[in-house]
K.L.:
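Questions regarding the structure given below will be posed in turn.
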2 protein chains.
Amino acid sequence: MAGERQQEFTPRQHAVLERALELLVAGGEKALTTAGVARAANCSKESLYKWFGDRDGLLAAMIAHQASKVRAFSDDGAPMDHDRFRAHLTGFAQDLLEVLASDVSLALNRLAIGQASREESRLGQLLVEQGRRRIDQSAGALLDAGRRRGLVAFEDGDEAYRTLYGLVVRDLHVRMLLGEEGARQRETFAARAEQAVEKFFALYGVWEMKGRALA
Amino acid sequence: MAGERQQEFTPRQHAVLERALELLVAGGEKALTTAGVARAANCSKESLYKWFGDRDGLLAAMIAHQASKVRAFSDDGAPMDHDRFRAHLTGFAQDLLEVLASDVSLALNRLAIGQASREESRLGQLLVEQGRRRIDQSAGALLDAGRRRGLVAFEDGDEAYRTLYGLVVRDLHVRMLLGEEGARQRETFAARAEQAVEKFFALYGVWEMKGRALA
DNA sequence: ACAGAACCGTACCGTACGGTACGCACACGA
DNA sequence: TCGTGTGCGTACCGTACGGTACGGTTCTGT
């Protein structure tokens with residue numbers, strides 16, 4: 001229900017969830033059986049059901065466990081010029097691509113998408129709210145920092161962020177989810193981030209204000 | 001593989017595939033059982049296996065069947081001014097969103113993504129190549145038509161198209177795949193397409209001759 | 001009219017999974 | 001030392017699915 005307790009797990013349970021995550025990454029959802037998790041984690045099925053209720057509870061716990069590892073970024077108020085801001089943006093874009101391309105992220109997204117047809121299961125919502133939310137807020141803070149310093153101009157921060165997201169990710173995420181190996185060439189991410197930020201500044205940048213007259 | 005026979009199906013088999021598609025849309029992959037398809041389509045399981053080989057063959061046939069419905073768009077050489085071109089682009093963007101948000105597309109993409117973990121099954125490739133390919137080529141032709149008429153400027157057509165795609169879709173596709181209802185508000189698609197095309201012209205348009213001064 | 005194929009409906013088989021129950025080992029507080 | 005609780009390993013149960021086999025029926029070609 002909506003009032004789900006954000007219960008904390010014991011170290012033992014975290015270890016079990018970690019093993020379950022490895023299983024999921026290795027073999028997809030169908031490899032994630034209760035017996036398999038119990039065997040891989042050296043625990044009993046009975047304990048799994050005692051700790052997580054049922055299989056769906058285990059899945060939800062895995063998502064929560066993974067989300068707990070994501071760290072947020074906040075504006076520390078440090079001074080930032082145009083180049084530093086641009087570097088921050090590029091770094092964020094590259095990090096975003098790296099996260100989306102990671103094995104664990106792909107496996108969890110595939111899992112949640114596979115469950116999305118069942119209306120009663122809200123794993124997708126959970127994944128978005130617990131995982132992506134922090135990234136979004138982090139990016140929002142970064143963009144806001146740039147705006148306060150007059151490096152970019154926009155009215156709707158959310159709109160600006162989503163535009164940046166689209167420029168960076170395009171259809172890469174879906175292609176990676178579909179298993180297209182070419183989409184996961186990590187060595188291309190830096191260039192991808194660079195080009196995306198370039199276009200982002202073309203849309204939102206105010207660099208001509210700094211004396212560099214635009215033709 | 002590339003040498004896969006594009007075998008045609010009989011009308012009866014197409015009807016069966018259609019029913020299977022309905023089942024998939026209604027209940028997701030787990031609702032797509034051989035017995036269920038046979039029952040819904042009023043055929044025998046034996047016939048299913050005779051026609052499609054096994055369950056994977058059935059899934060592949062469903063994708064091929066659906067892809068056969070997508071029609072391509074080509075440049076008819078008709079005269080186009082800026083406004084008409086912009087309208088075409090906006091229409092394409094809106095169509096793209098409509099397709100991605102359709103029940104059948106979402107169900108098939110969820111299916112292919114669910115199978116993506118198994119390496120031996122290349123449903124994802126099939127889906128991309130047979131379904132998206134036509135849309136991509138259609139958009140490429142449209143962009144090229146605009147370029148030939150001097151309405152937009154770019155060197156790499158693929159890069160320009162992917163940028164347009166990112167501006168239009170952003171993370172909407174994944175959110176819809178995850179089951180987020182808010183992402184499927186069709187009444188917002190027109191505005192979404194409009195804003196995306198607006199930004200696209202800001203990046204690639206040449207209506208003022210300067211466009212974006214190359215740094 | 002007749003033979004043969006195609007096909008439907010159903011029954012059947014083996015397997016695998018989710019979930020539960022039980023026996024035993026170990027830890028820990030009184 | 002003894003009870004109690006936690007948890008591991010295993011066995012077990014019901015169910016559901018993929019895939020196959022078979023009898024009966026309809027369609028088709030000659």
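Per chain, numbering begins at 1; letters A, B, ... match sequence-line order. Computed over heavy atoms, backbone and side chain alike; hydrogens, waters and symmetry mates excluded.
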K.L.:
OP1 or OP2 of dT6(D) versus the side-chain N and O atoms of W51(A): is any pair under 4.0 Å?
P.N.:
no

K.L.:
Measure the distance from CG on L48(B) to P on dC17(D) and round it to the nearest whole Å.
P.N.:
14 Å

K.L.:
Would you indicate whether R133(A), at its atom CZ, is surrounded by more than 12 heavy atoms from other residues, nucleotides or ligands within a distance under 6.0 Å?
P.N.:
no

K.L.:
Can you tell me how far P of dT15(D) sits from CG of D54(A), to the nearest Å?
P.N.:
18 Å

K.L.:
Please enumerate all protein N or O atoms sitting under 3.5 Å from an N or O of nucleotides 20-25 of chain C, with distances to 0.1 Å.
P.N.:
residue: dC22(C); atom: N4; partner: E46(A); partner atom: OE1; Å: 2.3

K.L.:
Taking atom P of dC7(C) as reference, at what distance in whole Å does atom CG of N42(B) sit?
P.N.:
14 Å

K.L.:
What is the ring orientation for Y204(A) with F154(A), classed by angle as parallel under 30°, tilted 30 to 60°, or perpendicular over 60°?
P.N.:
perpendicular

K.L.:
Could you tell me how far apart R12(B) (CZ) and dC27(D) (C1') are, to the nearest whole angstrom?
P.N.:
13 Å

K.L.:
Which of residues 18-36 of chain A sit near DNA chain D, with a heavy atom under 4.0 Å from it?
P.N.:
none

K.L.:
Give a yes or no on whether the ring-centroid distance for F200(B) and Y165(B) is below 6.0 angstrom.
P.N.:
no

K.L.:
Between L17(A), L21(A), L23(A), which is the residue that forms a side chain to side chain contact (heavy atoms under 4.5 Å, CB included) with V37(A)?
P.N.:
L23(A)

K.L.:
Please determine whether a side-chain nitrogen or oxygen atom of R39(B) lies at a distance below 4.0 Å from atom OP1 or OP2 of dC17(D).
P.N.:
no

K.L.:
Let me know the distance between CG of L59(A) and C1' of dC17(C), rounded to the nearest Å.
P.N.:
14 Å

K.L.:
Is the closest side-chain donor-acceptor distance between D54(A) and Y49(A) under 3.5 Å?
P.N.:
no

K.L.:
State, to 0.1 Å, how close S102(B) and R184(B) come at their nearest heavy-atom pair, and which atoms those are.
P.N.:
C-NH2, 4.2 Å

K.L.:
Measure from CG on D56(B) to P on dC17(D) and round the result to the nearest Å.
P.N.:
17 Å

K.L.:
Rounded to whole Å, how long is the line connecting atom CG of L58(B) with atom P of dG19(D)?
P.N.:
10 Å

K.L.:
Should the pair E159(A)-R170(B) be classified as a salt bridge under the 4.0 Å nitrogen-to-oxygen rule?
P.N.:
yes

K.L.:
Starting at CG of L178(A), measure out to CD1 of I113(B) and round the result to the nearest 0.5 Å.
P.N.:
4.5 Å

K.L.:
Please determine whether side-chain contact (heavy atoms from CB on, under 4.5 Å) holds for the pair K199(A) and T163(B), giving the CA-CA distance in whole Å, both sets of side-chain angles, and the decisive distance to 0.1 Å.
P.N.:
CA-CA 9 Å; K199(A) 291 190 173 66; T163(B) 299; 3.4 Å; yes

